[in-house]
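Order of listing sets the numbers, starting from 1, for every ligand and every atom in it. What you are looking at is a predicted structure, and each value in this text was computed from that prediction instead of being measured. Side chains are part of it too, since the values below use all heavy atoms of this structure and drop only hydrogens, waters and symmetry mates.
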Amino acid sequence: MKLIKLNAIDSTNDFIKKIKSLVDDKLFFVFTYNQTKGRGQMNKVWESQANKNICFSICYKPIKSTPKRMSFKLNMLISLTLLDFFKELKIPDIKIKWPNDILSAEKKISGILIESSIRSNNITDYIIGIGLNINQESFNGIINANSVKNIMDLNYDLNLLSNRLFKLFSNLDRKIEQLSIKNLKKKYLENLYGLDCYLKFSNYNGEFKAKIIEVISENKIKLLVDDKELIYDSNQLKVHI
Ligand code: BTN
């Protein structure tokens with residue numbers, strides 16, 4: 001398994017896209033503390049102050065042809081592994097915000113961007129990009145963002161934390177084969193932000209209040225809206241904090 005550390009790069013996800021065909025490993029990692037053109041979900045920019053935070057991407061090429069539900073398992077496993085990482089650091093009130101954010105006390109401290117390549121209806125590889133707000137202190141007016149340093153009032157060693165992340169994710173391929181959707185989903189729901197409470201959402205029709213009834217997959221969620229059960233797609237829905 002390879003670990004590539006870069007002094008600086010535009011985007012670790014884009015870097016993997018360029019090199020993945022040259023790397024034989026089924027699982028490899030690219031880390032940087034200086035990502036200059038990070039990408040987030042829904043074509044947004046992922047801003048990360050140089051040398052304050054960790055940005056990394058994992059390339060995972062499943063050996064077996066991949067059933068679609070593998071994507072849901074992967075999505076849950078990544079969020080749950082990050083949850084364990086932050087819990088080890090004793091960060092308080094950690095929750096997963098569907099589909100792909102990690103919150104502490106209702107503020108975002110980490111975001112995940114999973115991209116996949118498909119050939120003849122099979123997923124040939126996943127690029128899992130993860131940004132963690134570690135030592136950054138201000139977020140240019142983004143009120144819902146926070147960092148581990150602000151929460152704990154401590155400065156963290158990025159190398160130590162990166163080594164721990166590498167370790168925690170290094171058996172991702174084995175775990176994804178072994179763990180069942182049922183068990184992953186149980187733990188995922190136990191740690192989900194806003195389950196069974198009314199939250200604010202928005203879509204192309206504007207804002208509305210609703211309750212999460214079920215997480216169906218990495219991109220489908222069932223909500224209770226005005227006594228009706230409706231299914232929404234993550235591309236068309238924003239979950240407010
Ligand atoms: C989001 O919350 O919108 C997802 C953010 C994902 C950011 C990470 S940082 C490492 C990787 N490289 C990128 O360009 N994006 C992801």
message: Would you say CD of E47 has more than 12 non-hydrogen atoms from neighbouring residues, nucleotides or ligands within 6.0 angstrom?
response: no
statement: atom 5 (C) of ligand 1 sits nearest the protein heavy atom W46 CE3, 3.4 Å
query: For atom 3 (O) of ligand 1, which of E47, Q41, K108 has the closest heavy atom?
result: Q41
message: With a 4.5 Å cut-off on side-chain heavy atoms, are E137 and Q49 touching?
response: no
message: Within ligand 1, which atoms have a heavy atom of S57 less than 4.0 Å away?
response: 11 (C)
message: For atom 10 (C) of ligand 1, which of the options I127, I112, T12 provides the nearest non-hydrogen atom?
response: T12
- line: Nearest non-hydrogen protein atom to atom 15 (N) of ligand 1, with distance, is R39 O, 2.7 Å
query: Is N100 in polar range of ligand 1, meaning some N or O pair under 3.5 Å apart?
result: no
task: Kindly indicate, with the supporting measurements, whether the criterion ring pair (Phe, Tyr, Trp, His ring centres under 6.0 Å) is fulfilled by F208 and Y198.
output: CA-CA 10 Å; F208 61 97; Y198 276 89; over 10 Å; no
message: Counting only heavy atoms from other residues, nucleotides and ligands, does the tally under 6.0 Å from CG of D226 exceed 12?
response: no
field: Distance-only side-chain donor-acceptor flag, K87 / N191, under 3.5 Å
entry: yes
- prompt: Should you measure from each heavy atom of G40, which atoms of ligand 1 turn up under 4.0 Å away?
  reply: 1 (C), 3 (O), 4 (C), 5 (C)
- line: Note: ligand 1 atoms sitting under 4.0 Å from heavy atoms of D101 are 2 (O)
query: Can the ring centres of F85 and F169 be said to be less than 6.0 Å apart?
result: no
field: Any side-chain heavy-atom pair of I91 and I109 under 4.5 Å
entry: yes
- prompt: Any idea which atoms of ligand 1 are less than 4.0 Å away from a heavy-atom of F56?
  reply: 10 (C)
- request: Quick one: look up the protein heavy atom nearest atom 12 (N) of ligand 1 and list residue, atom name and how far away it is.
  value: Q35 OE1, 3.0 Å
task: Check F15, F166, F31 against F56 for a ring-ring contact (aromatic ring centres under 6.0 Å, His included) and give me the one that passes.
output: F31
Ligand-residue contact atoms, ligand 1 with G38, heavy atoms, under 4.0 Å: 14 (O)
